[in-house]
Protein chains: 2
Amino acid sequence: MTQTATGEDARSRVERAALELFTSRGFDAVTADEVAETAGISRRTFFRYYPTKADAVWGDFAAHVGRLERLLRAADGARPVLATICAAYAEVNGYGDADLPVLRQRMRLILTEPALQAHSQLRYAEIDRVVAEHVARCTAEDPAALLPRLVAASTRAAATSAFAAWLADERTDLGDQLRRAFDELAGGFPSLPG
Amino acid sequence: MTQTATGEDARSRVERAALELFTSRGFDAVTADEVAETAGISRRTFFRYYPTKADAVWGDFAAHVGRLERLLRAADGARPVLATICAAYAEVNGYGDADLPVLRQRMRLILTEPALQAHSQLRYAEIDRVVAEHVARCTAEDPAALLPRLVAASTRAAATSAFAAWLADERTDLGDQLRRAFDELAGGFPSLPG
DNA sequence: TTGCTCCTGGCACTGGGTGCCACTAGCCTC
DNA sequence: GAGGCTAGTGGCACCCAGTGCCAGGAGCAA
């Protein structure tokens, strides 16, 4: 029940400390002890909040996946599958302007730090499962069949590419990049020569 | 210079031991010491052959990437980009029947063991870089732009989905799955309803 | 033989992650 | 208010991946 004067709870304090330290000194150069100490808790408690050092940058990712799943289940069945998935991704990643700096910080870490890049695959797998199940419902197939897997993996590829392009150019809008990527995917890459 | 009676060199012995042990007991339950001991070398030497425990299952992956890069550079510029990439993937993954069991074992580990799944992202990034550079050459764009990234990430998604589907059903042919996945991608997912 | 280089193994150390236990704060019940 | 329950916390010890350092030994050249 201990809280700081700011009223921020321990979990958020850990996340903020992790983002700040990893950004300024690099993921590998910061020990879990340092993050814990900065957040004002013990190393042991740190690993109770987040099962690995890498998880500290992801915030409440389970809620993220949960929202995506609910959106897909509630989606209009008459709409094209890719359009549904694109809309769900855009909705789930529709941050307000105030949250964009933190999102940038988080995504920059995830996309550039090798250890976090590796770890991200485990988080993405949860998203892929949810999307593949949605496609399987739409096509009356096994979620493990080629098409559901492929749609899940390539729409996620679209999302991460959009994030990367958005990070690379400060002036662009994340939603625009997402839609551009999904348009290329749905249209069989019209911008490609040949 | 020490060799066993079989004439197999130490590096291959390590790889075989790793695949065998990881398959039978799981990646996390096997220590690097055990792999080293089974291969007849010290733990210290193990980490000179392979920088991480996970790398031991990948064999000579740098050569793999090198071959892919050479194929893409030598490709017919008039051909559609996706067709070129598909052909290069198929060529690089064109194993003889004798090698298929080991390939299956390797891919099953990489796609099912969480630690290896995470690690794979680092290896895939090398492939993505090569493919993105190829696309950038074809479109006169920056490799970091949205389209090159997207094509690289989604063709890799196609390849891994094909691998997964091939693993799930023993009777299918890897090349067929690859072509099916790329056809869906190039055609804007014609098999999808809507 | 001496000297050089390369490969190897042993040793000690850092750091992530975990199991176990003891302590404390709150809270409920009698 | 006393006793007992539970949840959160921290400390400690341990395992294991990975690394730097150094000492040996094999092979080769002069």
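Order of the sequence lines sets the chain letters (A, B, ...), proteins ahead of strands, with each chain counted from 1.
Taking a 6.0 Å sphere around CZ of Arg180(A), one finds it holds 12 or fewer heavy atoms contributed by other residues, nucleotides or ligands.
Along DNA chain D, the nucleotide nearest Thr45(A) and the nucleotide nearest Phe46(B) are compared for position; the residue whose nucleotide lies closer to the 5' end is Thr45(A).
When the P atom of dG17(C) is taken as reference, atom CG of Leu122(A) falls 12 Å away, rounded to whole Å. At whole-Å resolution of the value, CD in Glu34(B) and C1' in dC15(D) are 13 Å apart. If you measure from atom CG of Leu21(B) to atom P of dA17(D), you get 12 Å, rounded to the nearest angstrom. Atoms CD (Glu37(B)) and C1' (dG9(C)) sit 14 Å apart, rounded to a whole Å. With rounding to whole Å, His119(B) atom NE2 is found 19 Å from dG16(C) atom P. The CD-P distance, from Glu113(A) to dG16(C), rounds to 13 Å in whole Å. Atom CZ in Arg11(B) sits roughly 12 Å away from atom P in dT8(C) (whole-Å rounding). Atom CD1 of Ile41(A) is separated from atom C1' of dG8(D) by 12 Å (rounded to the nearest Å).
If you check every strand for non-hydrogen atoms under 4.0 Å, Val30(B) touches sugar and phosphate atoms only.
Proximity of Val81(B) to Phe189(A): side-chain heavy atoms (C-beta onward) are nowhere separated by under 4.5 Å. Side-chain contact check for Glu91(B) versus Arg67(B): every heavy-atom pair is 4.5 Å or farther apart. Between Arg179(B) and Asp173(B), some side-chain heavy-atom pair lies under the 4.5 Å cut-off. Put simply, the side chain of Arg123(B) reaches to within 4.5 Å of the side chain of His119(B), judged on heavy atoms. Between Leu178(B) and Trp166(B) the shortest side-chain heavy-atom distance does not fall below 4.5 Å. The shortest side-chain heavy-atom distance between Arg137(B) and Arg73(B) falls under the 4.5 Å cut-off. With a 4.5 Å cut-off on side-chain heavy atoms, Val130(B) and Glu126(B) do not count as touching.
Comparing the axis of the opening five pairs of the helix from dT1(C)-dA30(D) to dC30(C)-dG1(D) with that of the closing five pairs yields an angle of 10°, rounded to 10°.
A heavy atom closer than 4.0 Å to some atom of DNA chain C occurs in Arg48(B), Tyr49(B), these being the qualifying members of residues 48-64 of chain B.
Using a 4.0 Å cut-off, some side-chain N or O of Ser42(B) falls inside it from OP1 or OP2 of dG9(C).
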May I have the list of side-chain donor-acceptor pairs in residues 108-115 of chain A shorter than 3.5 Å, sequence neighbours left out?
residue, atom, partner, partner atom, Å
Thr112(A), OG1, Arg108(A), O, 2.5
Glu113(A), OE2, Phe27(A), N, 3.2

I'd like a table of donor-acceptor pairs (distance under 3.5 Å, sequence neighbours excluded) in which one partner is a side-chain atom from residues 39-46 of chain A, with atom names and distances.
residue, atom, partner, partner atom, Å
Ser42(A), OG, Arg44(A), N, 3.4
Ser42(A), OG, Thr45(A), N, 3.2
Ser42(A), OG, Thr45(A), OG1, 3.1
Arg43(A), NH1, Asp33(A), OD1, 3.3

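The ring-ring contact (aromatic ring centres under 6.0 Å, His included) search around Tyr95(B) returns none, not counting sequence neighbours.
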What N/O pairs connect the protein and nucleotides 12-14 of chain C at under 3.5 Å? Give each pair on its own line.
none

